[in-house]
Amino acid sequence: MLEKRYDFKTREKHWQDYWHEHNTYKFDENAESKFTIDTPPPTISGVIHLGHVFSYTQTDVIARHQRMLGKSVFYPFGYDDNGLPTERYVIKEQKVRLNETNRSDFIKLCLETTEKMKDVYRDVFTRAGHSSDFDSAYSSISPRTQAISQRSFIELYNAGEIERRNSATLWCPECRTAIAQSEIETVEMDSTMNYLNFGILDSDEKLQIATTRPELLCACVCVFVHPDDEKRAHLVGKKAITPIYNVEVPILANPDVDREKGTGAVMCCTFGDEADAKWQKEFNLPVLEGIGHNGRMTEIAGEFAGQKVTEARANIIEKLKEIGVLYDTKPITHAVSPHERCSTPIEIMVKPQWFIKLLEHKDEIYKAGEEVNWYPEYTKKRFLNWVEGLKWDWCISRQRFFGIPFPVWYCKDCGATILADIDDLPVDPTVTQPKHECPHCYGKSFIPETDVMDTWATSSLTPQICADTLTHKGLDDAHLPMDLRPNAHDNIRVWDFYTIAKSLLHYKKLPWNNVMVSGWGLSATGDKLSKSKTSKGELTPLVAFEKYSADVTRYWASNATLGKDVFIQEEEFNNGSKLMQKLWNASRFVLSFLEGYTPKKCELLPMDQWIIDTYRITFKNFKKYLEKFEMGLALNELEKLFWNFCDNYIEIAKNRLYKPEIYGEKAKESAQYASSMVLLGMLKMFSIYMPHITEEIYQDYYAKIEGCDSIHLSKYLDLGDAPSVVFGGYRVCDIVGEVRKFKSQNNMSMKDEIAKIVVKDDDRNLDFIKSCLDDIKAVCNIKDVEFIKSNNFSVDIEK
RNA sequence: GGGAGCUUAGCUCAGUUGGUAGAGCAUCUGCCUUACAAGCAGAGGGUCACAGGUUCGAGUCCUGUAGCUCCCACCA
């Protein structure tokens, strides 16, 4: 017998422990039917907020759904504790100054910090009732992961897909490292367009140049004009003289120049932007480093040396004004590209970096993106759009400490690149030396590569890292393609993109067949939830679990439309609380009539057949939506059935359940069968959203009946096809509705008696209605019912 | 400038192949009815952003316009 009230505060914990002890969610590799999920390892360097719970719950619902379909679900878990996000977190939290610590101490501190964070994350997801395998969770910095990642590097290097180049790279002056295209954002910023006069060698003419980056004058290597620019044609081949620095630079013709922009003449600096980098290569221009790796002006900036870029810009504008070179300046807004981690505008720098060749594989990646099933479908275009706009190869080297090292040394004598042996992985080249002498010059001294790899170089291997927890084969294509990659929309162009790229480079296979894209949980004001701090009044996961329960939190999370952001509004949680309470009460009521009863098929009364028919339809729609990962729409379908079950069916059936002496034992049995089966079926469907309360109810009665340890090890209830009496049943509900309306409008109590109703309808419906006469009379407390044949349905009521 | 999404009741949002507009919250009315008064039964409330088009019929398909959001490009 279920208690009067369901105490989620103790029962949720109870069932979480129960599932853990019973290995309820254990994956069986030898199962006939499997479903594999490439779970996103959360970046654990920061606060875990409801946004995490939002999207991870959606994945858990899918995992549970697949289990209820009878599949064994591979639902691994991992922690992304590797790389720059962790470094930044540790520096901030532990107040570390990088120049006051050494590499190994710092790495140790990073490891210690992330170890604590793992427990926090695991606790929240466990308490959210997630069914992933936390016990064999991987870490993206663990030796095992390092070995897989390094092996990927070596294999792609040997395949000619990776090379080290000394070329222009996106550079973050704040983090002092190279970064990749996917790590930059675009932000509108206020700036000024500055119009300067350049001198012309051996001439009094002036050449007008517009620039937003006057601080780069010191790195100006040439001036371009358009080849068809008649006004300036005579200048091509001459020398321009830069203001302040008085350096002679060539004036060249370049068809890339847009004559409508600025003054129509461009100064090319190395490097102000990507166009400069392109032109430097095309015209084989010298490279002048005006900005250092630390984001400060270099010696060639003369009096501005040592200043930060923004300072130098302001100062040089003043100076240009002073000397009369700046003849105009206009405020503008333009897009700049800041680094997503620190919001510092990126620069372009030249330094040897490691690149994975992506540009030459653009077509393959595009095709793969087309082959993957994206849910919702429009997210495919977002992926393809990103691939189309790809402009840089993937720079995977980072000038940082806490990351996976490159398994690489350079021969001191001949400079040859020496790779570690695969059997020795993982290696840290700063700690160990190559086993053999240099194969080229037989040198015995080596310089280690001190850069570490981009975190995405590792995260893009999650299908392999996950599979390895089962196969222990390391980098391998076992389980490829997996069934599902779930992630939020911000990761389409990052994690999804890199994973597809790597999978193609290694195996020419898709990493997974389906991608499910969730939205974000946003604060009530519509802001992105911060990972660095919890803002005032923000509902945190633990508070939500305490106040509303995990099941209600899950209900909120899964009641969303795929791919769409939602605001975190506590009112939405109230709806979940009400549903949970209703589910409890309805179950308590139904189960109270099932003591000593074992469900067995029997001849069903029409309204009992009706509720089973509506169940069948709902179940079908429910599965159809979940096939497309639309768990929110599936939930809506289920809720409609549930409320119909409560408002109409139970009200009708209760009389027969209470009073077999009036309506007969058979009428009771029929109601027992239908109510027990439909409730069971609904509990199973609800179980993927609200695993705790459904387990509690299931264990009270159904576990014994089905001989099953947990509702989560059972399968959905299939009550067959061919619904027959759906319409008639709803017509009976209409009649009941009319009577309720009548009582309501006449200020009557629902139990008050009605003397007589007259039902008009066609023959077919009247036949069905007549067959439910006892139910109708009982639920409405009507003494007499009269039937009149008519083409139009109506109900007349007499007090 | 390119791509995508959104615009439906006061609020938050559903509306699968085109067929008389839906839910929750809020508002109003009634009801202690043997699961549930943080409940139940009802009611009111929408020219489905706008303008065209296809169709017997369009919230749903097509074209265009406007506003909001996201991604990308634009840094001369």
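Here the structure is a predicted model, which is why all the values come from computation and not from measurement. As a basis for the values below, the full set of heavy atoms in this structure was taken, side chains included, without hydrogen atoms, waters or symmetry mates. Order of the sequence lines fixes the chain letters, A, B, ..., with proteins taken first and strands second; residue numbering starts at 1 for each chain.
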Start with the C-alpha distance between A:Lys278 and A:Glu282, add both sets of side-chain angles, then the distance that settles salt bridge (Lys or Arg N to Asp or Glu O under 4.0 Å), and finish with yes or no. CA-CA 6 Å; A:Lys278 175 175 176 250; A:Glu282 273 176 29; 3.4 Å; yes

Could you tell me which nucleotide pairs with B:rC31 by Watson-Crick or G-U wobble geometry, both distances under 3.5 Å, or answer none if nothing does? B:rG39

For B:rC31, does OP1 or OP2 lie under 4.0 Å from any side-chain N or O of A:Lys743? no

Counting only side-chain nitrogens and oxygens, does A:Lys381 get under 4.0 Å of the OP1 or OP2 atom of B:rG5? no

Please give, in whole Å, the distance from B:rA37 P to A:Met750 CE? 16 Å

Integer-rounded Å distance: B:rA4 P and A:Tyr378 OH: 13 Å

What do you reckon, is CD of A:Glu3 surrounded by more than 12 foreign heavy atoms closer than 6.0 Å? no

Work out how far the C1' atom of B:rA73 is from that of B:rA4, and round it to whole angstrom. 15 Å

Separation of A:Asn574 atom CG from B:rU12 atom C1', in whole Å? 13 Å

Check whether any side-chain N or O of A:Thr186 sits under 4.0 Å from OP1 or OP2 of B:rC72, and answer yes or no. yes

Look at the side chain of A:Phe567 and decide which nucleotide, out of B:rC75, B:rU12, B:rG42, has an atom nearest to it. B:rU12

Please confirm whether any donor atom in the side chain of A:Asn385 sits under 3.5 Å from an acceptor in the base of B:rG2, or the reverse. yes

Measure from CD on A:Gln569 to P on B:rC13 and round the result to the nearest Å. 7 Å

Side chain proximity check, A:Leu635 to A:Tyr689, heavy atoms < 4.5 angstrom: yes

Contact under 4.0 Å: A:Thr211 side-chain N or O vs B:rC75 OP1/OP2: no

Given that both distances must come in under 3.5 Å, which nucleotide forms a Watson-Crick or G-U wobble pair with B:rA73? none

Euclidean distance for C1', B:rA43 against B:rU69 (whole angstrom): 37 Å

Rounding to the closest angstrom, what is the interatomic distance between B:rU27 and B:rC11 at atom P? 15 Å

B:rU34 to B:rU12 separation - P atoms, rounded to the nearest Å: 39 Å

When the P atoms of B:rG57 and B:rU20 are considered, how many whole Å apart are they? 15 Å

NZ of A:Lys4 versus C1' of B:rG39: gap in Å, rounded? 11 Å

Are any of A:Lys640's side-chain N or O atoms less than 4.0 Å away from OP1 or OP2 of B:rA14? no

Which part of the nucleic acid, if any, lies within reach of A:Ile492 when heavy atoms closer than 4.0 Å are counted: base, sugar-phosphate only, or nothing? nothing

Is a donor on one side and an acceptor on the other found under 3.5 Å between the side chain of A:Tyr327 and the backbone of A:Gln208? no

Given that both distances must come in under 3.5 Å, which nucleotide forms a Watson-Crick or G-U wobble pair with B:rG67? B:rC6

Is the shortest side-chain N/O distance from A:Lys751 to OP1 or OP2 of B:rC40 below 4.0 Å? no

Base, sugar-phosphate or nothing for A:Tyr625? Non-hydrogen atoms, less than 4.0 Å. base

If you assign A:Glu738 and A:Glu572 each to the RNA chain B nucleotide with the nearest heavy atom, which residue ends up on the more 5' nucleotide? A:Glu572

Is it the case that the side chains of A:Tyr548 and A:Glu570 hold a donor-acceptor pair, with the cut-off being a distance below 3.5 Å and no angle test? yes

If you look at every strand shown and take non-hydrogen atoms under 4.0 Å, does A:Gly632 touch a base, only sugar-phosphate, or nothing? nothing

Taking the C1' atom of each, how far is B:rG2 from B:rG44, in whole Å? 47 Å

How close or far is atom P of B:rU33 from atom CG of A:Asn781, stated in whole angstroms? 12 Å

Short side-chain N/O contact from A:Arg493 to OP1 or OP2 of B:rC72, under 4.0 Å: yes

Whole-angstrom distance between B:rC13 and B:rU29, as gauged at atom P: 29 Å

To the nearest angstrom, how far is A:Asn655 atom CG from B:rU33 atom C1'? 11 Å

Can you tell me if A:Lys654 touches the phosphate of B:rU33, counting only side-chain N or O atoms and a distance under 4.0 Å to OP1 or OP2? no

Consider only side-chain N and O atoms of A:Ser587 and A:Tyr701, and report whether a donor and an acceptor are under 3.5 Å apart. no

For B:rC61, which nucleotide is its Watson-Crick or G-U wobble mate, given both distances must be under 3.5 Å? B:rG53

Quantified in whole Å, what is the C1' atom distance between nucleotide B:rG46 and nucleotide B:rA9? 5 Å

Which word best sums up how the rings of A:Phe497 and A:Trp386 line up, parallel for under 30°, tilted for 30 to 60°, or perpendicular for over 60°? perpendicular

I'd like to know if the side chain of A:Lys362 and the backbone of A:Glu388 have a donor-acceptor N/O pair within less than 3.5 Å. yes

Select base, sugar-phosphate, or nothing to describe what A:Ala586 touches, counting heavy atoms under 4.0 Å on all strands. base

With both distances kept under 3.5 Å, what pairs with B:rA26, Watson-Crick or G-U wobble? none

